[in-house]
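I have placed the structure first, in the form of structure tokens, so that the comments after it can refer back to it.
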Amino acid sequence: MEPLYTPQGVEERWQRTWEDEGLYRAGAGKRRDETFVDAHPPPNVTGELHTGHALQLAIGDAVVRMKRMQGYDVLFQPGFDHAGISTQNAVEKQLATEGSSRQELGRQAFEARVWEWLRQYGGTIMTQFRRIGASLDYSRERMTLDPEYTRSVMRFFVHLYRKGWIYRANRIINWCPYHQTSLSDLELVHEDVDDALSTIRYPLADGSGYIAVATVRPATIPADVAVAVHPNDARYAHLVGKEAIVPFVERRVPIIADERVEPGFGTGALKITPGHDPKDFGIGRDHGLPEPMAIAPDGRMNELAPELAGLTQKEAEERILGWCKERGLLEQRAHYRHSVALCERCHNRIEPLISLQWWCAMDDLKQPALAALRERRVRYHPESQHRFAIESLENAPDWCISRQIWWGHQLPLWECPEGHITCDEEAPAACADCGSTALTRSTDVLDTWFSSALWPLATLGWPEDTPSLRRYYPGNLQTTGREIIRLWENRMIFSGLELLGEIPFEDVVIHSTVLARDGRRMSKSLGTGIDPRELIDAQGADAMRYGLLKMSSTQDVRFSDSMVDEGRKLANKLWNVSRLLLSGRGEAQPASLPGSVEELWILARLEQTRSEIEATFDRFDFAEAASRLYHLTFDDFCDWYAEAIKPRLAEREVRATALAALETLLKLLHPVLPHVTEEIWSQFHDTRLIVSPWPEERPASQADLRALERVQEAAAIFRRSGVLVELAGDERRIFEAVVRPERAQVNGNAASEIERLQKEVERGERMLGNEKFVANAKPEVVEAEREKLARNRRELEILARRENL
RNA sequence: GGGCGGUUAGCUCAGUUGGGAGAGCGCCUGGCUUACACCCAGGAGGUCGUAGGUUCGAACCCUGCACCGCCCACCA
């Protein structure tokens with residue numbers, strides 16, 4: 001064994017071994033009947049590993065490895081999301097380089113092309129998951145567009161359809177002109193842009209003047225159907241009920257009153273364009289206004305105003321403003337910065353327009369999920385995210401589930417020439433209403449998240465009543481980022497409840513967002529991303545896992561290389577102390593004490609840390625767990641215990657105890673540092689650490705811990721003052737072994753130590769002399785203060801006496 | 001505009017029911033102590049963002065303010 005631990009090679013070897021020996025499989029090493037299931041969030045099939053994935057896996061895998069050692073039947077489910085738009089994008093880009101397009105290929109050929117593309121380039125991220133050491137059951141890998149999975153999706157859709165919760169409606173939706181598809185609100189990003197706010201006069205039809213409106217989109221003027229003012233706006237009260245003339249198209253439209261108009265913005269008058277603005281759409285519907293559209297699905301002007309047909313919006317805007325200017329109707333054009341909606345995939349501006357789409361009604365579907373959340377039958381961590389989850393579900397509007405792309409689950413809906421819709425999992429022979437056999441299937445596909453919502457149960461074979469489904473549903477844990485609560489987590493909850501009557505998991509851990517080193521958000525376009533693959537290559541997967549767990553504590557944390565360094569140092573330290581203990585080197589010393597203080601003590605410390613680690617895992621505080629493991633290894637195990645027993649390592653009993661202690665230490669560290677611990681374990685075991693039993697509770701170690709505390713306190717005083725107080729026998733011996741007075745450097749002096757102790761004594765006397773403190777504070781706090789005071793007095797006395805001598 | 005979180009050592013961050021200000025890194029001092037120099041022993045360094053309040057006692061609880069960040073939002 002070399003003095004410097006090198007993870008390269010070692011890690012890959014264990015990853016292969018674990019998988020080849022079937023130790024990643026569900027149920028591997030189980031010693032009890034209870035299951036523990038983590039359906040890991042499926043990454044996009046086109047994706048590459050990023051820091052978020054790595055953190056998610058560090059957390060999920062640590063939990064799962066501990067549960068496996070505790071004997072649970074563990075299922076850690078891997079797989080992919082087919083990622084509708086993303087994947088389609090990737091393949092379309094490739095087609096473009098060949099001078100082709102999906103339209104040219106046609107739908108069937110395009111789908112075949114995507115599958116081929118996936119065979120070649122897709123799924124590489126699962127190799128990267130393996131390289132982290134994620135103990136997923138790769139034999140159960142699923143993709144949301146697998147034939148079996150698709151059956152689940154179809155069954156779910158038909159189920160909702162037959163309950164009457166899926167309907168078609170002509171509404172304003174978000175339209176991406178690039179992808180030529182509708183998008184849900186959750187698939188948008190917003191960005192501030194510099195724009196111009198134009199104030200335009202709309203002449204009154206009776207010739208008595210004009211009413212001015214402010215708009216950032218003059219190009220939509222041809223589709224205006226009204227001008228609206230606030231009902232309480234005295235400036236315009238006399239105009240309500242009259243008519244105005246829309247410039248350029250010179251159409252008469254009513255002036256109406258509506259509370260949704262902000263009197264303080266612009267001129268206080270709003271042009272109503274139901275076809276191209278969600279707010280206007282709502283106002284238009286409530287006032288029974290028509291809904292013309294001026295913009296075509298490709299983002300250019302349509303024939304509503306024939307002279308504009310085919311122009312870009314920019315060109316149309318210039319034409320319209322020019323027209324207004326000539327007639328003195330353009331009152332003002334001011335710089336205006338505001339936020340606009342963009343497609344999160346292509347970053348093109350979203351075009352709100354009216355379109356016939358399929359919707360899923362949320363009112364009934366979400367109720368059981370809301371109840372479950374409110375009753376804490378499923379818990380989000382931290383608590384603040386639980387509240388957010390409830391509120392966003394309460395406010396969830398009906399879900400637009402149809403998309404006009406090609407890569408995805410095609411809607412199981414067939415339409416006959418009469419316009420009747422038949423919904424079924426398989427192609428029906430005839431229309432359910434009129435018996436027509438001339439059926440055409442809807443060309444729309446489902447929102448990607450519709451299929452993701454079924455992840456915990458579709459991966460287990462639902463709707464078939466499979467043994468896996470019976471055994472592993474419902475599961476336990478979800479680990480995910482906060483941006484996905486509404487898109488995914490809440491939808492899995494209501495879907496699971498609706499289909500199987502049970503919530504798919506108990507706890508949802510929302511992990512921190514890891515920011516770039518400079519505090520900005522990690523982003524490819526900014527070049528601020530940190531590639532976890534580079535970290536793994538340079539520092540090892542263990543070091544990265546440790547580092548990420550330490551960064552997982554708060555909501556947002558900057559990436560810190562020193563956390564990863566700490567992990568690497570921990571692995572190296574462990575490696576070296578193992579070399580010491582396994583070599584059994586050292587010269588035998590005559591005074592051998594079986595069951596000596598230092599041995600009792602390290603076993604007590606290991607036991608204490610075991611229960612602490614379990615507690616930190618229970619409250620999902622992985623940063624704390626990592627920190628405790630670090631100090632256990634460095635401070636307690638290496639710097640105290642190993643130093644103390646080093647001279648006697650040649651003795652059989654001492655060495656046997658040391659190996660037992662090392663064994664426990666390796667087990668405690670394994671969930672965080674799986675590779676290095678397994679490598680060391682293999683030096684003295686034929687079995688595999690990954691499936692070895694978790695250390696059992698070891699009773700009654702309080703006396704040992706007290707011995708530790710005495711020694712540590714004595715050492716601290718000694719270091720400050722050079723005076724050794726009240727140690728005898730074993731304690732004295734361990735103290736000398738560890739502190740080694742002959743070499744220890746004394747920096748303080750007795751006088752300053754006396755001063756410090758005097759202050760402590762004064763503080764204690766002040767508190768205990770305070771009636772309100774004694775009366776109000778908790779008994780154990782008071783008692784602790786009394787003990788502390790007594791100890792300080794005692795030590796002060798000893799030191800003072802020595803000084804006088 | 002609404003919601004949430006943050007502000008503690010030079011840096012990155014802990015601080016779990018209010019009761020001795022901590023860790024890692026960096027820096028300084030001293031050690032090649034045959035497990036480890038990716039080490040060991042020690043040290044310096046903080047009026048806990050700010051102004052008030054509650055309390056015997058506040059980094060912690062309450063209020064105002066400042067700055068930073070995230071999420072949500074139909075002021076055109």
Side-chain angles (χ1 to χ4, degrees), chain A residues 1 3-5 172 185 190 197-198 213-217 220 228 260-267 269-273 277-283 336 338-339 341 352 382 384-385 387-388 391-392 395 482-483 485-486 513 515 517 519-521 550-551 553-563 565-566 568-583 585-586 615-616 619 621 623-624 627 630-631 634 638-639 642-643 646 649 719-720 739-740 743-748 759-760 763-764 766-767 769-778 781-782 784-785 788 792:
Chain A
M1 289 170 82
L4 186 64
Y5 172 65
I172 194 145
D185 290 347
H190 290 85
L197 184 65
S198 306
V213 304
T215 178
V216 289
R217 299 192 64 194
T220 64
R260 281 162 281 192
V261 179
E262 284 289 333
F265 187 89
T267 62
L270 173 65
K271 75 184 194 68
I272 299 298
T273 321
D277 183 277
K279 181 176 181 168
D280 294 5
F281 178 80
I283 294 175
Y336 181 58
H338 67 137
S339 96
S384 56
Q385 302 299 336
R387 282 202 306 276
F388 172 70
E391 282 167 19
S392 44
N395 300 328
R482 134 178 103 248
E483 67 279 4
I485 291 175
R486 303 187 310 164
T513 302
L515 303 171
R517 283 177 256 253
R520 287 185 296 169
R521 212 177 165 72
K550 278 216 78 168
M551 287 180 250
S553 58
T554 51
Q555 281 225 335
D556 294 306
V557 65
R558 294 180 182 206
F559 182 86
S560 165
D561 291 288
S562 74
M563 302 286 185
D565 290 342
E566 219 176 291
R568 191 203 54 212
K569 283 173 54 180
L570 179 58
N572 190 57
K573 188 72 174 173
L574 190 64
W575 177 255
N576 276 296
V577 79
S578 305
R579 291 174 62 221
L580 169 70
L581 300 183
L582 290 167
S583 72
R585 226 182 302 166
T616 54
R619 36 172 223 273
D621 186 355
E624 180 68 16
S627 180
Y630 185 90
H631 288 107
F634 266 81
C638 294
D639 297 345
E643 291 295 337
K646 189 152 67 171
L649 259 181
R719 281 166 187 148
R720 284 194 297 264
V739 180
R740 286 175 292 189
R743 292 192 227 196
Q745 188 189 339
V746 179
N747 289 325
K759 277 187 186 165
E760 282 295 302
R763 179 185 155 277
R766 198 168 56 239
M767 281 178 69
N770 185 320
E771 289 167 23
K772 289 190 180 174
F773 167 67
V774 178
N776 298 332
K778 285 183 189 156
V781 172
V782 177
E785 284 300 328
K788 199 190 296 176
N792 285 332

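As judged by a 4.0 angstrom heavy-atom cut-off over every strand, Q385(A) is placed among residues making no nucleic acid contact. L4(A) comes within 4.0 angstrom of a base, heavy atoms only. Using a 4.0 Å heavy-atom cutoff across all strands shown, R619(A) reaches at least one base atom of the nucleic acid. In this structure, V213(A) reaches neither bases nor backbone, as no heavy-atom distance under 4.0 Å exists between it and the strands shown.
Searching all strands for a Watson-Crick or G-U wobble partner of C56(B) with both distances below 3.5 Å returns G19(B). Both distances falling under 3.5 Å, in either a Watson-Crick or a G-U wobble arrangement, place C25(B) opposite G10(B). A51(B): Watson-Crick or G-U partner is U63(B), with both key distances under 3.5 Å. Figure legend. A44(B) is base-paired to no nucleotide; pairs are counted as Watson-Crick or G-U wobble with both atom distances under 3.5 Å.
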Tabulate protein N/O versus nucleotide N/O from nucleotides 54-57 of chain B, keeping only pairs under 3.5 Å, one per line.
{"unit_1": "C56(B)", "atom_1": "OP1", "unit_2": "K772(A)", "atom_2": "NZ", "d": "2.8"}
{"unit_1": "C56(B)", "atom_1": "O2", "unit_2": "N770(A)", "atom_2": "ND2", "d": "3.4"}

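Scored by the salt bridge (charged side-chain N to carboxylate O under 4.0 Å, His left out) test, R482(A) finds D556(A) as partners (sequence neighbours excluded).
Candidate nucleotides C40(B), A35(B), C4(B) were compared by shortest atom distance to the side chain of D639(A), and C40(B) ranks first. Distances were taken from every side-chain heavy atom of C638(A) (C-beta onward) to each of U16(B), A76(B), A35(B); the shortest belongs to A35(B). Here the side chain of V557(A) is nearest to one of U16(B), A35(B), C13(B), namely C13(B).
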- Task: Give the B/S/- string for nucleotides 22-28 of chain B, one per nucleotide from 5' to 3', where a protein heavy atom under 4.0 Å of the base yields B, of only the sugar-phosphate yields S, and otherwise -.
- Result: -SSS---
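Along RNA chain B, the nucleotide nearest R260(A) and the nucleotide nearest F559(A) are compared for position; the residue whose nucleotide lies closer to the 5' end is F559(A).
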